[in-house]
Number of protein chains: 2
Amino acid sequence: MRIDFTPHHLAIFLAVIRTGSFSRAAVECGLSQPALSRTIQAIEDALGQRLFDRTTRHLDLTPTGRELHPIAERLVTEFDSAFDELAEFIAGRRGRIVVAALPSVCAVLLPRAIAAFRADHPGVDVLIRDGLAGSVADAITGGRADLGLTVRPLPEAHLSYRTLLADEFGLVCRADDPLAGSTPIPWAVFGTRNFIAMHPTSSVRAMTDAAFLQAGIAVRPLYECAFLGTTGNLVAAGLGITALPRLTLPLTGAGGLAWRPLVEPSLQRALGVLTRVGRTLSPAASQFVAVLASVAASA
Amino acid sequence: MRIDFTPHHLAIFLAVIRTGSFSRAAVECGLSQPALSRTIQAIEDALGQRLFDRTTRHLDLTPTGRELHPIAERLVTEFDSAFDELAEFIAGRRGRIVVAALPSVCAVLLPRAIAAFRADHPGVDVLIRDGLAGSVADAITGGRADLGLTVRPLPEAHLSYRTLLADEFGLVCRADDPLAGSTPIPWAVFGTRNFIAMHPTSSVRAMTDAAFLQAGIAVRPLYECAFLGTTGNLVAAGLGITALPRLTLPLTGAGGLAWRPLVEPSLQRALGVLTRVGRTLSPAASQFVAVLASVAASA
DNA sequence: TAATTCCATGCGCCATGCGCATAGACTTTA
DNA sequence: TAAAGTCTATGCGCATGGCGCATGGAATTA
């Protein structure tokens, strides 16, 4: 007779050894004595060997039982620790999350979220890959990242997007610029001043272009910067003004700048979580999204 | 839902990974596709997590599945190798046998039996503890030896004895002794010559005393030797004659001795296997007994 | 649009595992 | 010496779970 051994079988065997009695082992295992007795018999039948030499008064391991003893101990321990380990992962207490994010998110939202998350999940590593909107989406599509933190992408069948917060566009000028005094400021202002643009592949540029279109003005970019730091320094140097979402301001790295809300149109850059549809998130990643949402809500 | 995971569950999980398909995995596992599908679902329900992101066209591990993968591999391997190991033991190809035996058996029967046994069972170690009849029986009673090779002991409830061979008593004298010419020789001969006896605790002494009683003669031992080598040398020196079972002759260690069958009564010392009742022998030990029996039969 | 290929699900069957009651063996106690 | 007590084994019936068969439903291909 060939049965499929389970850790349960082995645990029962070990309980008999530990207690030195079928009845006591049955109590310990939460079974009736007949059930336990038959489980031992089933193992013995499967092995073709007795495990215990037993009478009503005596119970001893047979040589085969003695041989199985350490094996059973090892297997049960292995099983338990393996599933404990897995349970840690499922509980979100262990794992690795790869987050692809826009530089601005990396600079502002992510650090706070990671700090809050790691406080509760010290066993989870969070890896960051920063990049522009296109590369974030590619990382998600290609499976190189679990989560993307980016602007709303063009709708695509296998991408799922959930907005976390709206980052408002505003004018960025020198603090001593007269514009810094009036608020709010219409986008039309860029028709009268030098505009320092971001690089055409950036998500900010796509939105400023759209705003100009909506405001009905034609703006000729004076510079096209790949990095916000460059943009900030150009503005600080008095070479022109620009429009940036509020959260990107710290990335300009320049002092003496003012940010004032822009209207007509009032424009917000949606920042959110990008995932791949049909791909289950790890428990840790799901919980990280929740932390992100609460951090974004309190921002 | 909490199920009892078995290596079978894990093997099915691994088969799906290996084949990249539920249907192919089902074939590989000798199951129907629905059965396999439900087994995976059962694991997923138990863990509260999907293991595969699957459509009819695509199958991918989820993070939890990826986490379980190496764990499952390890556990299945552990289980297999553990039971392979146990199977070796049960087949009698691995193990350790402790044999307690009389010196004469150690010298004559055991070496041949061990040689024959080890040729077929290179993985089994055979340990020998030699001692007189009493200590052999004690070793069995006390569980310090698996098998005893000794004379038939006094019947005792927990000892089981099985005769392997009958070792015939004969006269031992110098080869140039006139007695060496006549055969068979009656025990009464010891009434007319100096008798060199074995020590009172030895099994041989018990039998020679009984023979004298049966032959109706009174014999006064000249010496009482603990070792057969001493006895042999005393005989060789011409100090007397003695009676020994045939198989003990090589242990006398003396040259120039003759052995002639004794009659009136003709006496045989039974040599056999002593075991403890109610104590299962290891598979290797059982097989060793079989080898002993066949070696004894051909002796 | 039809055919094909997968995975999921409804259904019924049967083996397995369980508890209850009790038998049987052995020891202890009166 | 007999009765009581303790421990494992077994008969029995029930519920659960695992399985195969048939089929549904979704995605892809011809």
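Letters A, B, ... are given to chains in the order of the sequence lines, protein chains preceding strands, and every chain is numbered from 1.
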Counting only distance, no hydrogens or angles, is the base of C:dA8 paired donor-acceptor with the side chain of B:Q33 under 3.5 Å?
-> yes
Is the base of C:dG10 touched by the side chain of B:R38 through a donor-acceptor pair closer than 3.5 angstrom?
-> yes
Give the nucleotide from the list [options] with an atom nearest to the side chain of [X].
X     : options               : answer
A:A35 : C:dC7, D:dC19, C:dG19 : C:dG19
B:P34 : C:dC18, D:dA22, C:dC7 : D:dA22
B:R24 : C:dT9, D:dG20, C:dC6  : C:dC6
A:R54 : D:dA9, C:dA8, C:dC18  : D:dA9
B:S21 : D:dC19, C:dC7, D:dC7  : C:dC7

Any side-chain N or O of [X] less than 4.0 Å from the OP1 or OP2 oxygen of [N]?
X     : N      : result
A:S32 : C:dA21 : no
A:S23 : D:dT8  : yes
A:S37 : D:dT8  : no
B:T39 : D:dC19 : yes

Residue-level proximity of residues 6-14 of chain A to DNA chain C when a heavy atom falls under 4.0 Å = A:H8
